[in-house]
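All remarks here apply to the structure that follows.
Residue indices begin at 1 and follow the sequence shown. Only heavy atoms go into these numbers, but all of them, side chains included; no hydrogens, no water, no symmetry mates. All values reported here derive from a predicted model rather than from experimental measurement.
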Amino acid sequence: MTDIVKTAPAAIPLDSRAGWPADLRLLIERYPREVWSGHANLGAMAQFWLQRHAMFREIGASLEEATAAFREGTATAADFRAFFPPRLQFFLQQLNAHHQIEDLHYFPVFQAAEARLAHGFDVLEADHHLIHSQIDATVDAANTLLRTPANDAAAEGAGEHYAQANGRLLRLLTQHLNDEEDLIIPLILDRGEGPLGVG
C-alpha cells in the first residue's frame, strides 16, 4: 500500500492558524463549547476522547514546567533527568497511537458523514504530519540535552534548543487539539455517536 502524505492547504496551515475559517464552522456555531458537557449526544466515546486531549495538555504543561525549572536553576539536573524521560516517552507514544486511530478510523467516518466538513479532516490529518515532524525534532533535542553532562558548557545551549523545540511542539499541538474538538464534537452532538458509527 502506498503511503500518501497529505499537506494542509496554504490558506489554513497549523503554524499560523487561529481557528477554522467560516466554511468549517458550520456546526460549532450551532453547538458552541459551553453546551457540550450537558448535551445528550455527548456519549462515552466523545467523553473519553476529550479526556485523552486533556491528558495531552496536562502532560505537555508538566513537561514545559519541568524544563523551565531546569533552565532557571530551580530544579537540579538529577531531578530533571529522573522526571523528564519517562514522561516525554509516554506523552509521545500515546500521542502517536491517538493520531493513528484518528487517521485510520475516525476521520474517514466523520468525512463520510458530513461532506461539508470533509476538507477539515484532511487538514487535521496534515496537522498530524507536521506535529510528528516536530516530535522528531523534539526527541532529537531531548536526547542531545540528556546526553550532555549537566556541568558541561554545552548544557545551557542544549537546554535552550530543547525548550524551543518542545515549545513549538506544544503550540502546534494545542492549536490542533482545539481545532479538532471544534470540528468533531459539534458533529457528534448533531448526529449522535450511534448513527455516526462511533458509539
Side-chain angles (χ1 to χ4, degrees), residues 1-10 12-19 48-107 121-181 184:
M1 186 170 127
T2 305
D3 184 24
I4 299 172
V5 176
K6 298 178 183 178
T7 56
I12 47 176
L14 180 57
D15 266 324
S16 57
R17 200 160 72 226
F48 174 75
W49 184 73
L50 287 170
Q51 288 167 1
R52 299 294 286 175
H53 280 199
M55 180 196 75
F56 292 132
R57 291 181 177 105
E58 184 180 331
I59 297 175
S62 73
L63 289 168
E64 201 163 36
E65 288 165 11
T67 304
F70 171 66
R71 292 171 66 216
E72 292 161 8
T74 57
T76 67
D79 288 342
F80 179 71
R81 289 167 193 265
F83 173 89
F84 171 78
R87 285 164 182 81
L88 180 63
Q89 183 177 19
F90 176 79
F91 176 68
L92 299 180
Q93 285 175 341
Q94 293 297 309
L95 190 59
N96 184 59
H98 182 73
H99 285 173
Q100 285 182 341
I101 292 167
E102 289 176 337
D103 288 345
L104 297 175
H105 177 63
Y106 288 114
F107 289 178
F121 294 101
D122 287 336
V123 172
L124 292 173
E125 188 176 340
D127 287 355
H128 289 173
H129 293 290
L130 178 60
I131 289 167
H132 284 271
S133 174
Q134 188 58 35
I135 285 172
D136 291 343
T138 302
V139 168
D140 287 346
N143 287 334
T144 298
L145 174 60
L146 293 171
R147 283 194 303 266
T148 306
N151 58 356
D152 192 300
E156 185 177 342
E160 183 61 32
H161 179 62
Y162 167 73
Q164 289 176 1
N166 186 61
R168 180 167 188 259
L169 171 61
L170 295 178
R171 284 191 303 276
L172 292 172
L173 181 60
T174 298
Q175 184 64 53
H176 171 76
L177 294 176
N178 291 341
D179 291 344
E180 195 171 78
E181 290 166 4
I184 291 174

Sequence neighbours excluded - salt bridge (Lys or Arg N to Asp or Glu O under 4.0 Å) pairs with any residue from [range]:
{"range": "residues 78-87", "answer": "none"}
{"range": "residues 164-177", "answer": "Asp15-Arg168"}
{"range": "residues 65-78", "answer": "Arg71-Glu160"}

Provide the closest heavy-atom pair for [X] versus [Y] in the form atom of the first, atom of the second, distance.
{"X": "Leu14", "Y": "His176", "result": "CD1-N, 3.8 Å"}
{"X": "Asp179", "Y": "Gly19", "result": "OD1-CA, 3.4 Å"}
{"X": "Leu170", "Y": "Phe91", "result": "CD2-CZ, 4.0 Å"}
{"X": "Phe107", "Y": "Glu125", "result": "CE1-N, 3.9 Å"}

Measure the [atom1]-[atom2] distance between [X] and [Y] for me, rounded to the nearest 0.5 Å.
{"X": "Leu169", "Y": "Asp136", "atom1": "CG", "atom2": "CG", "result": "10.5 Å"}
{"X": "Asp140", "Y": "Ile135", "atom1": "CG", "atom2": "CD1", "result": "12.0 Å"}
{"X": "Ser133", "Y": "His129", "atom1": "OG", "atom2": "NE2", "result": "11.0 Å"}

Could you give the side-chain donor-acceptor pairs of residues 94-101 under 3.5 Å, partners two or more places apart or in another chain?
{"unit_1": "Gln94", "atom_1": "OE1", "unit_2": "Arg52", "atom_2": "NH2", "d": "2.3"}
{"unit_1": "His98", "atom_1": "NE2", "unit_2": "His53", "atom_2": "NE2", "d": "3.2"}
{"unit_1": "His98", "atom_1": "NE2", "unit_2": "Glu102", "atom_2": "OE2", "d": "2.8"}
{"unit_1": "His99", "atom_1": "ND1", "unit_2": "His132", "atom_2": "NE2", "d": "2.9"}

*With Tyr162 via side chain to side chain contact (heavy atoms under 4.5 Å, CB included) - residues at least two apart*: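 So Tyr162 forms a side chain to side chain contact (heavy atoms under 4.5 Å, CB included) with Thr67, Phe84, Leu88, Thr138, Ala141, Ala142, Leu145, Asn166.
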*side chain to side chain contact (heavy atoms under 4.5 Å, CB included) partners for Ala66, two or more places apart*: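 Here the qualifying residues are Phe80, Phe83.
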*Output, in order, the C-alpha distance, side-chain angles, deciding distance and verdict of side chain to side chain donor-acceptor pair (under 3.5 Å) for Asn178 and Arg57.*
CA-CA 11 Å; Asn178 291 341; Arg57 291 181 177 105; 2.7 Å; yes
